[in-house]
Amino acid sequence: MLKIYNSLAREKQDFVPINPGEARMYVCGMTVYDYCHLGHARVLVVFDIVQRWLRASGLRVTYVRNITDIDDKIIKRALENKQSIAELSEHFITFMNEDAAALGIEPPDHEPRATAYVPQMLDLIGQLEKNGLAYQAKDGDVNFAVRKFAGYGKLSGKSLDDLRAGERVEVDSAKGDPLDFVLWKHARENEPFWPSPWGNGRPGWHIECSAMSSDLLGKHFDIHGGGQDLQFPHHENEIAQSEGAHGCQFVNYWMHNGFVRVAEEKMSKSLGNFFTIREILKKYDAEVVRFFILRAHYRSPLNYSDSHLDDARQALSRLYTALKSVDAEASPVDWEEPHALRFTQAMNDDFNTPEACAVLFDLAAEVNRSRSPALAGQLRALAGLLGLLTRDPQVFLQATPSSETEASIAHVEARIAERVAAKKNKDYAAADRIRGELLAAGIVLEDSAAGTTWRRQ
RNA sequence: GGCGCGAUAGCAAAGCGGUUAUGCACCGGAUUGCAAAUCCGUUCAGCCCGGUUCGACUCCGGGUCGCGCCUCCA
């Protein structure tokens, strides 16, 4: 039985789908005005795993991950870059897709863009107005009246009065309550706008997710995910909008992943301490990055540093090494096998990927001992559920993230041939010299009865 | 100020009221021309103070420290 930590209940709960055999999941994706950083990579990987495990558990999954392609930052950046908003967002959507593909992220079933859902947003705002939860302020903005929605704060555990006490935002006098949030912003100069019953304008940040999720998944669905920083106010506001408009429960299970940190601080744009995915991929294999993320539980903080990635690379190499010398059977998971049972137990416990990885290492040790093609196949199959060990071991072990040329690989092969000849002549000094030279270049040689192989250090 | 999360061995990171987590690093042995890889073995834990218990890293209470949200943020 799968258990999920539900942010709404603040405890692990049995996952019971609304419709038996089916899971509908919505995840807040990217705002496309810049490159994705490692924090974004974590969301992508974490919910890719959720999606994969739900499917592996036999559920029919509909996975929606949205793209925010209209908001303040995009408008600002487009102006700075002197390009259109469409150009800017297209540009970064392309980069995002490249990064996601590199990380082994399976494409979601739907990837809706906010700009394509303006009519649905307007319908929703109209419904909220009809329900007495939205009002148009003097400045033309349409706001949500948080005091009118009884459950406001239930996700984040905040009470409106506490929020008011801690209010640090400049009060917008046009709002009925400082905590009211905007559903529809009136048109301003140099900004794109859409016509609406409330005049020309553009959507507020939160309304898009309410509109897209109900359109693609229905008014009530199973799982909603995103980074921990979205819990408040974004997800709280989504609940207010969706439940306020539809009059029914919005989402059963809320999932929030922890932050990536740098030197014990949250990695974020505003702190300027972020590393983009493509920056990291210049130094580390994408699968190493994926493994690095999966080695920590999704709700724990994850500290980023080169030495941690070095460590992850060494660890992943151990798994690939186990597959290198055994001809793994290409078989599906044998679910009755003991490692698979442990793996399943781990994943069913709120997606405990660190424990699932530990099972992979135990299994790898078993493969090394037994040289069993069936067990090697099992290792490959289980790891595959996490999107790991999907490549040829030799390709992984010899891969280099930077732009190494074929020529240098040819050079390695040539030097190995020289060394084999030297060894044949019992000229061990020459053999060791060649090995030392290659080692200095980060190439490790491994002699075995079957001959000499090499890998990157 | 309000709300929440965390503190595990040299580093990273899980489960668990009593029995080896796991990975990296380290040490000893096997193996090897020597290595590497692999195998076998050893060493190294649970912030502090109380409480519950036959027994607590694990449960409860109180500290201390760290982090996050309350403002755009994955």
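Small disclaimer: the values here were computed from a predicted structure and weren't measured. Proteins come first, then strands; the chains are lettered A, B, ... in the order of their sequence lines, and each starts at number 1.
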Q: In whole angstrom, what separates Gln231(A)'s CD from C72(B)'s P?
A: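 After rounding, the gap between these two atoms is 15 Å.
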Q: Could you tell me how far apart Glu264(A) (CD) and C5(B) (P) are, to the nearest whole angstrom?
A: 19 Å
Q: Looking at Asp14(A) and Lys3(A), does any basic side-chain N land under 4.0 Å from a carboxylate oxygen?
A: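 Judged by the 4.0 Å cut-off on N to carboxylate O distance, Asp14(A) and Lys3(A) do form a salt bridge.
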Q: Is Arg318(A) positioned over the aromatic face of Phe361(A), cation under 6.0 angstrom from the ring centre and no more than 45 degrees off axis?
A: no
Q: Can you tell me the base-pairing partner of C54(B)? Count Watson-Crick or G-U wobble geometry only, both distances below 3.5 Å, and say none if there is no partner.
A: G18(B)
Q: Reckon Gly29(A) touches a base, only the sugar-phosphate, or nothing at all at heavy-atom distances under 4.0 Å?
A: sugar-phosphate
Q: Which nucleotide wins on minimum distance to the side chain of Pro354(A), given the candidates G15(B), C69(B), A14(B)?
A: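 Given the options G15(B), C69(B), A14(B), the side chain of Pro354(A) is closest to A14(B).
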Q: Between C70(B), G68(B), A14(B), which nucleotide has the shortest distance from any of its atoms to the side chain of Glu265(A)?
A: G68(B)
Q: Which is true for Ser159(A) with a 4.0 Å heavy-atom rule: it touches a base, it touches only sugar-phosphate, or it touches nothing?
A: nothing
Q: Heavy atoms under 4.0 Å, any strand shown: does Asn352(A) hit a base, just sugar-phosphate, or nothing?
A: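 Counting heavy atoms under 4.0 Å across all strands, the contact made by Asn352(A) is with sugar-phosphate only.
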Q: How many whole angstroms separate atom OH of Tyr298(A) from atom C1' of A13(B)?
A: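 About 17 Å, once rounded to whole Å.
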Q: Does either side chain, that of His37(A) or that of Thr276(A), offer a donor lying less than 3.5 Å from an acceptor on the other one?
A: no
Q: Can you figure out which of A12(B), C69(B), G23(B) approaches the side chain of His308(A) most closely?
A: A12(B)
Q: Distance check, P atoms only: U8(B) and G66(B), in whole angstrom units.
A: 14 Å
Q: With a 3.5 Å limit on both atom pairs, tell me what G10(B) is paired to, counting Watson-Crick and G-U wobble, or say none.
A: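 Across any shown strand, G10(B) pairs with C24(B).
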Q: How would you label the contact of Val46(A) with the nucleic acid (heavy atoms, under 4.0 Å): base, sugar-phosphate, or nothing?
A: nothing
Q: Counting just side-chain N and O atoms, does Lys266(A) come under 4.0 Å of either OP1 or OP2 of C69(B)?
A: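 Yes, Lys266(A) has a side-chain N/O under 4.0 Å of OP1/OP2 on C69(B).
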Q: Could you tell me the separation between the CD atom of Gln345(A) and the P atom of C16(B), rounded to a whole number of Å?
A: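 About 9 Å, once rounded to whole Å.
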Q: I want to know whether His256(A) and His235(A) have ring centres closer than 6.0 Å.
A: yes
Q: Check whether the side chains of Glu111(A) and Tyr63(A) place a donor and an acceptor atom closer than 3.5 Å, and report yes or no.
A: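 On atom types as modelled, these side chains do not qualify, holding no pair under 3.5 Å.
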Q: Are Tyr33(A) and Phe92(A) an aromatic pair, judged by ring center distance below 6.0 Å?
A: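 No.
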Q: NA contact type, Gly39(A), heavy-atom cut-off 4.0 Å: base, sugar-phosphate, or nothing?
A: base
Q: Between atom CG in Leu230(A) and atom C1' in A74(B), what is the gap in whole Å?
A: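 That distance rounds to 6 Å.
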Q: Using the P atom as the reference point in each nucleotide, state the distance between C67(B) and C26(B) in Å, no decimals.
A: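 Taking atom P in both C67(B) and C26(B), they lie 32 Å apart.
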Q: Do nucleotides 31-41 of chain B as a string where each nucleotide becomes B, S or -: B if the base has a protein heavy atom under 4.0 Å, S if just the sugar-phosphate does, - if no protein is that close.
A: --BBBBSSSS-
Q: Taking atom types as they are modelled, would you say the side chain of Lys158(A) forms a donor-acceptor pair with the base of C70(B) within the 3.5 Å cutoff?
A: no
Q: Could you tell me how far apart Glu355(A) (CD) and C16(B) (P) are, to the nearest whole angstrom?
A: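 Taking CD of Glu355(A) and P of C16(B), I get 9 Å after rounding.
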Q: Rounded to whole angstrom units, what separation is found between the NZ atom of Lys154(A) and the C1' atom of C3(B)?
A: 18 Å
Q: Name the nucleic acid region contacted by His256(A), choosing base, sugar-phosphate or nothing; use a 4.0 angstrom heavy-atom cut-off, strictly under.
A: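 Here His256(A) touches no strand at all.
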Q: Taking CZ from Arg313(A) and P from G23(B), how many angstroms apart are they, rounded to a whole number?
A: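 Result: 18 Å.
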Q: Taking C44(B) as the reference, what is the distance to A25(B) when you measure between their C1' atoms (whole Å, please)?
A: 11 Å
Q: For atom C1', what is the distance between G46(B) and A13(B), given to the nearest Å?
A: 13 Å
Q: Under a 3.5 Å limit for both distances, which nucleotide forms a Watson-Crick or G-U wobble pair with A30(B), could you say?
A: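 The answer is U38(B), by the H-bond criterion.
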Q: Considering every strand and a 4.0 Å limit on heavy-atom distances, what is the contact class for Ala358(A): base, sugar-phosphate, or nothing?
A: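 The residue Ala358(A) makes base contact.
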Q: For G4(B), which nucleotide in any strand shown is its Watson-Crick or wobble partner with both distances under 3.5 Å?
A: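 Partner of G4(B): C67(B).
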Q: Going by distance alone, is a donor N or O of one side chain under 3.5 Å from an acceptor N or O of the other, for Asn66(A) and Glu208(A)?
A: yes
Q: Given the P atoms of C48(B) and U53(B), what is the spacing between them in whole Å?
A: 23 Å
Q: Suppose we screen for side chain to side chain contact (heavy atoms under 4.5 Å, CB included). Which residues come up paired with Asp447(A), at least two apart in sequence or across chains?
A: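 Asp447(A): side chain to side chain contact (heavy atoms under 4.5 Å, CB included) contacts with Arg419(A), Lys423(A), Arg435(A), Thr452(A).
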Q: Determine, step by step, whether Phe291(A) and Cys357(A) satisfy the side chain to side chain contact (heavy atoms under 4.5 Å, CB included) criterion, reporting the C-alpha distance in whole Å, the side-chain angles of both residues, the deciding distance to 0.1 Å, and the verdict.
A: CA-CA 9 Å; Phe291(A) 176 74; Cys357(A) 288; 4.0 Å; yes
Q: Could you give the distance separating G6(B) and A14(B) at their P atoms, to the nearest angstrom?
A: 11 Å
Q: I want to know whether His91(A) and Phe95(A) have ring centres closer than 6.0 Å.
A: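 Ring centres of Phe95(A) and His91(A) closer than 6.0 Å.
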Q: Does Arg299(A) reach a base, just sugar-phosphate, or nothing at all? Heavy atoms under 4.0 Å.
A: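 Arg299(A): no heavy atom of the nucleic acid under 4.0 Å.
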Q: Return the 5'-most residue of the pair Val359(A), Ser300(A) with respect to RNA chain B, ranking by each residue's nearest nucleotide.
A: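 Result: Ser300(A).
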Q: In whole Å, what separates the P atom of G28(B) from that of C65(B)?
A: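 Between the two P atoms, the distance is 42 Å.
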Q: Distance between the C1' atoms of U22(B) and A9(B), in whole angstroms?
A: 13 Å
